[in-house]
Amino acid sequence: MSDRPAPRKFGFETRMVHAGHVPDANTGARAVPIYQTTSYVFDSPDYAAQLFELKQYGNIYTRISNPTTAVFEERIASLEGATGALAVSSGMAAQFISLMTLLSPGDEVVASSHLYGGTVTQLKQTFQKLSVKVTLVDPHDFAAWERAITPKTRALYGETIGNPRGSIFDLEKFAGLAGAHKIPLFIDNTFATPYLCRPIEWGATIVLHSATKFIGGHGNAIAGVILDSGNFDFSRFPSIAAPSPSYHNLRFFDTFGHYGFLMKARAETVRDVGACVSPMNSFLLLQGLETLSLRMERHVGTARQIARYLSEHEQVAWVAYAGLPSHPDHALAQKYLPKGPGAVFSFGLKGEGAQVREDGKRFIESLHLFSHLANVGDVRSLVIHPASTTHQQLTDEELAACGVGPEMIRLSVGLENVEDLIWDLDQAFHALSRSIRA
Ligand SMILES: *Cc1c(COP(=O)(O)O)cnc(C)c1O
């Protein structure tokens, strides 16, 4: 037996800064270089042949892999506790590519009804064109999930922190349900980030991010990432296990084991769909990851103070922040997100119908520091009125199922001085009361 000490397991903050990278051997560059290249010279024709057969790991073309992107992938995989990662061009692409890798026509997915508006449209409209049936179910109605699962169900799908009511997905319970049916659990962890919650620790199979949000963190790059726990037995899934005609009958699960799903997603789905991330954006995402814990601590701390301020305001009907004891999922938030349930939440203005819709618009117009735009997870504070923007494509029924009303305003709390942010909200409320009196 060796008497050497076990290798040290580095903490989250250390991996955030170092995982996946050593200083460049040729130049000594300490920061991760941007390999702004489309393609890579092969050492020899034999080596090239091995690369194309996936018998050798190496770079061929940046649509498939890139050294800057590889550092980002390794780093985020380390932070999520995943076996590997695949970075792609957007969060929407991460969803599409991961599900396309798994699904065939006729397959079914059961998904939470509390999802990002764009995800609902992708699942219900685009996947329907591919003859995949997606059933949306209230994440609080567990019995309805059990009823919705059929022999054709190939995946369960949810968001750690649901959009836009801040509902918390009961990860452990749904992982149990997925396990009982031998199907993978897909979790979009965008709003939580691996700093606040690591769904794989609760049994999730595949974790997805819109890296556009808190991971990049600065509102300057669109990207997404797919992470595999490596814990799922895909041998029953022909899409991953059967010989693949589009890769000279390679059996991805047999050949690559725990990397089979991601290898197939990279070597086939991204190859064919083409939604790759640019090296420059991977570099920006790395810049974001290096300060993730610090930013998330501040985002959450400020969000808590603003949620408390709003919950005590006389012009506010409700505040849907799972960090408040009044939120129905407060206990779930304490279990899965003990450091705090993120910094994106919504609240409702008092009033009804057309009047409150107008108030919502006026409130947003009156804000100075909060930017009115369709994004979350920026260092800057953001505000939006979901019913007229992000969720506009949904039918009234789908809107109600998502819990979006005309009085709802969604905030993404940034890193500005908290007193300045409260000042800004305060003066917007004053503008509303002036217009009511006028
Ligand atoms: C933004 C977002 C997406 C889509 O990501 P893009 O990077 O904009 O394509 C998916 N899910 C959630 C929860 C999001 O917030």
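FYI, side chains are in, hydrogens and waters are out, and symmetry mates aren't considered; it's all heavy atoms of this structure. For ligands, and for the atoms within them, numbers begin at 1 and follow the listed sequence.
Atom 7 (O) of ligand 1 has its closest protein heavy atom at T212 OG1, 2.6 Å. In this structure, the protein non-hydrogen atom closest to atom 9 (O) of ligand 1 is M92 N, 2.9 Å. Considering only non-hydrogen protein atoms, atom 4 (C) of ligand 1 sits nearest to Y116 CE2, 3.5 Å. In this structure, atom 6 (P) of ligand 1 lies nearest to the protein heavy atom G91 N, 3.3 Å.
For ligand 1, the atoms closer than 4.0 angstrom to any heavy atom of A223 are 7 (O). Near D188, meaning under 4.0 Å from any of its heavy atoms, are these atoms of ligand 1: 10 (C), 11 (N), 12 (C), 13 (C). Annotation for ligand 1: atoms under 4.0 Å from non-hydrogen atoms of E159 are 13 (C).
Rounded to the nearest 0.5 Å, atoms OG1 (T121) and OH (Y116) are 9.0 Å apart. The line from OG1 of T269 to CG of L102 is 10.0 Å long, rounded to the nearest 0.5 Å.
Atom OH of Y61 sits in a sparse spot, with 12 or fewer heavy atoms from other residues, nucleotides or ligands closer than 6.0 Å. Counted within 6.0 Å of NZ on K335, heavy atoms from surrounding residues, nucleotides or ligands total more than 12; the atom is thus considered enclosed.
For ligand 1, the polar-atom distance check finds no N/O of F191 at less than 3.5 Å from any of the ligand's N/O atoms. Considering backbone and side-chain N/O atoms, K213 comes within less than 3.5 Å of an N/O atom of ligand 1.
For H18 and F10, the distance between ring centers is not under 6.0 angstrom. The distance between the ring centers of F261 and F253 does not fall below 6.0 angstrom.
The closest approach between Q95 and ligand 1 falls below 4.0 Å for a heavy atom of the residue.
Aromatic ring pairs are classed by plane angle as parallel below 30°, tilted from 30° to 60° and perpendicular above 60°; the pair F127 and F96 is tilted.
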